[in-house]
Amino acid sequence: MKSPKPVSSAQQNFTFTRRTMFIGGVQAALGLVLSARMAYIAVAENEKYKLLSESNRVNLTLIPPRRGWFIDRYGKPIATNRADFRVDLIPERVVNKEKTVATLSKLLNLSQDATERVSRELKKAKGFQPIQVADGLDYDSYAKVSVRLPELPGVSPRQGFSRYYPSGPAVGHLIGYVGVVSAEEYQERRDPLLITPGFKIGKAGLEKSYEEQLKGTPGAKRVEVTARGKIVRDLSTKGDIPGDPVQLTIDIDLHNYAARRLGQESGSVIIFDCWTGDLLCMVSMPSFDPNSFSDGIGSLEYKWLREDDHIPLLNKSLQGLYPPGSTLKPMAAVAFQKHGIDPDETVFCGGGYRLGNRVFKCLGHHGTMNMRNAIMKSCNTYFYSMGNRVGYDAIAPVAREFGLGQEFDLPFQSQYYGTIPDSEWMKRKYDKEWARSDTLNAVIGQGYVLTSPLQLAVMAARIASGLKVDPHILYKKRKAAPHLPFPEEHLAVARDGMDLVVNGAGTAVRSRLDIPDVKLAGKTGTAQVRAITGSYRGKGGLWKHRDHGLFVCFAPVGNPRYGASVVIEHGMGGARAAAPVAKDVLTFLYDREQAMATLESLEAGWGGTPEQRMARSLAAFTAASNGPSKADSEAAQKKEADPI
């Protein structure tokens, strides 16, 4: 075996020097790379890391913008903002949910319903989307929470503004309400403003339709904080920019009066400016208080609203559909003349009209009737006879010219347009032929005919003015409306008949205006809710089985300016229920003192204003209730997110 060759000292020194150079080169290369990276971070990305450092030192908080106001045609407030204190929860930061909710409930004296709502929403909430605990708090309540913040992580007390509706339930269906952004709405836009405590968006009605105009621009507040988030000092604040106001055509004083005058009835009052189509009043009662919805309605209060048989959650002005009854007779008179019938031609009313082997009854034995007198006395026999002669296919197009069966361009989420039937509709809907009996029912506003209170008011305004006015809710100058395609003398006959209804020997003589030189013209209507035999005719019994009462009108007679409709659900007759309401509401336009004296006398018997009656009713319901069911709670949550 060969012995290893000895390594010389020179060889060892060379090997060591080579390794040293290699390692030194590697170290130098790494040093250059690190230096280059440090230089890049220090120079090229200086701004980025400066911002990150600043964000650790400075906390930026968005300030929710104040919503724009809704104001009426005279600049009076309809929806405003009021300064308040509020408390929210940020789910991501809450440590002990049960303890936190229990503590807040005690500090703020929350009701059981409110406490259950907060607990329920906190369980379902995700991330930083705030949950409203309470708003509209006084300073003492706000201070109680503020001093306990170190032991209540995730609790966010704030000073801000909340939406306020001075008219309460009177404007519930007109304006709508605001609410906290839902998780689904946030997912759509991912805007941090949407999850800022105190920020709310329009959920229904005009609040939703004009969201972009109303919402405003948020402000921001910068504060210096420690590493643990403790505030050191305020640095700067940029104020929010409020949203733009929206001016409506509504006369809020008139609107509030009409809401109160409906009293304990369920129905609608709509008043138009006959010249412009401006909506001066569009009331649906009973209603809900938008202040309750905007604050986050409790499940018990929502259950109370949902179980009311007068359906306060339904906007009857736009979504209520009713057989119009005899209110259509002035329109039918125009249609008759269009198709050649002389208004002075007479028909004898002996109490009914025979078609084949069936007799269609009239409301009385009126004797000899011409067109004007037939409107005055609401003689069915006359309209049966003339309707059978011209046919309903000739009447339906005229009805549509007056706005019946039509949908109008208004900024509301839901509007029902009803039915003006004809033979083509019958074939399409039921696959059968239109019968003469269908004409007789339709010509007096029964059968398949359905209209909304809005359409009836449009009809009254168009008959009164002779103009094809469309309803408007935004206040602005507009072009003159075109004339209807009917001769003035045809419209004059309809107006004369409506004048006689109130000021002659007609069906609404008790509703004449007690105002010098101002006369009201109108037409009463009674609409059957169900087929009734015998003499009963829906004038009594269960409320839901009684006939509806309707009235369409205009004033003054000589130079019409206002057109209106009043619908009273199950009011048992237009002359009995609807016409007196119209009389008082129109009186308010000319003599407020007289109208208010009448209203105050009536409210004394009803038990106060709508707000007072609603408060008592809710208190009684709460006392009698064992609490909301799970279904009621879920429905209340859904209602806050969905439009009415």
Side-chain angles (χ1 to χ4, degrees), residues 47-48 51-52 54-56 58-70 79-84 86-94 118 121-122 124-135 154-164 175-223 225 229 235-246 290 293-297 411 413 637-644:
E47 192 65 26
K48 172 184 175 182
L51 288 173
L52 288 174
E54 185 72 3
S55 68
N56 289 331
V58 177
N59 188 0
L60 180 67
T61 304
L62 289 176
I63 300 174
R66 288 159 288 175
R67 287 181 75 80
W69 287 21
F70 279 106
T80 66
N81 305 304
R82 59 181 177 183
D84 72 354
R86 59 180 296 110
V87 174
D88 295 292
L89 284 173
I90 310 300
E92 187 74 15
R93 296 174 180 167
V94 177
V118 174
E121 292 181 3
L122 188 57
K124 295 181 179 181
K126 297 178 181 179
F128 289 86
Q129 183 181 354
I131 294 171
Q132 177 179 299
V133 177
D135 66 356
V155 175
S156 175
R158 291 174 179 265
Q159 295 175 262
F161 294 87
S162 63
R163 200 61 158 168
Y164 177 60
I175 300 298
Y177 60 92
V178 298
V180 176
V181 176
S182 67
E184 293 76 12
E185 289 166 332
Y186 175 69
Q187 290 298 327
E188 289 178 6
R189 295 167 56 184
R190 291 282 182 176
D191 184 346
L193 175 62
L194 298 180
I195 57 173
T196 301
F199 181 72
K200 295 179 179 179
I201 63 172
K203 293 283 188 174
L206 299 180
E207 288 278 22
K208 183 174 182 178
S209 299
Y210 294 107
E211 173 64 24
E212 291 304 312
Q213 183 173 340
L214 293 165
K215 72 177 183 180
T217 303
K221 183 178 182 180
R222 295 172 67 245
V223 294
V225 296
L235 296 177
S236 64
T237 299
K238 178 185 177 183
D240 65 299
I241 301 175
D244 295 327
V246 175
F293 272 80
S294 297
D295 294 341
I297 190 168
Q413 287 78 48
Q637 295 176 69
K638 185 176 186 299
K639 204 63 184 178
E640 287 188 53
D642 295 342
I644 288 179

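Minimum heavy-atom separation, Pro65 to Ile241: CB-O, 4.0 Å. Counting all heavy atoms, side chain and backbone alike, Val155 lies closest to Leu89 at CG2-CD2, 3.6 Å.
Just one of Glu185, Glu207, Lys208 meets the side chain to side chain contact (heavy atoms under 4.5 Å, CB included) condition when paired with Ile201; it is Glu185.
Within the model, atoms OG of Ser209 and CD1 of Ile175 stand 10.0 Å from one another, a figure rounded to the nearest 0.5 Å. Considering CH2 of Trp69 and CG of Leu214, their distance stands at 13.0 Å, rounded to 0.5 Å. Distance check: Ser162 OG to Asn81 CG gives 7.5 Å after rounding to the nearest 0.5 Å. The distance from atom CG of Asp240 to atom CZ of Arg67, rounded to the nearest 0.5 Å, is 13.0 Å. Expressed to the nearest 0.5 Å, how far CG of Leu194 lies from NZ of Lys215 amounts to 7.5 Å. Taking OH of Tyr210 as the reference point, atom CG of Asp244 lies at 13.0 Å (rounded to 0.5 Å).
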Arg86 vs Asp84, salt bridge (Lys or Arg N to Asp or Glu O under 4.0 Å): CA-CA, chis, key distance, verdict: CA-CA 7 Å; Arg86 59 180 296 110; Asp84 72 354; 5.3 Å; no
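A donor-acceptor pair is defined here as one N or O able to donate and one able to accept, closer than 3.5 Å; no such pair exists between the side chain of Gln132 and the backbone of Val87.
Ring geometry for Tyr177 against Phe293 counts as tilted: the plane angle lies between 30° and 60°, on a 0 to 90° scale.
Ion pairing between a basic and an acidic side chain is recognised when a charged N comes within 4.0 Å of a carboxylate O; Lys203 and Glu211 show no such pairing.
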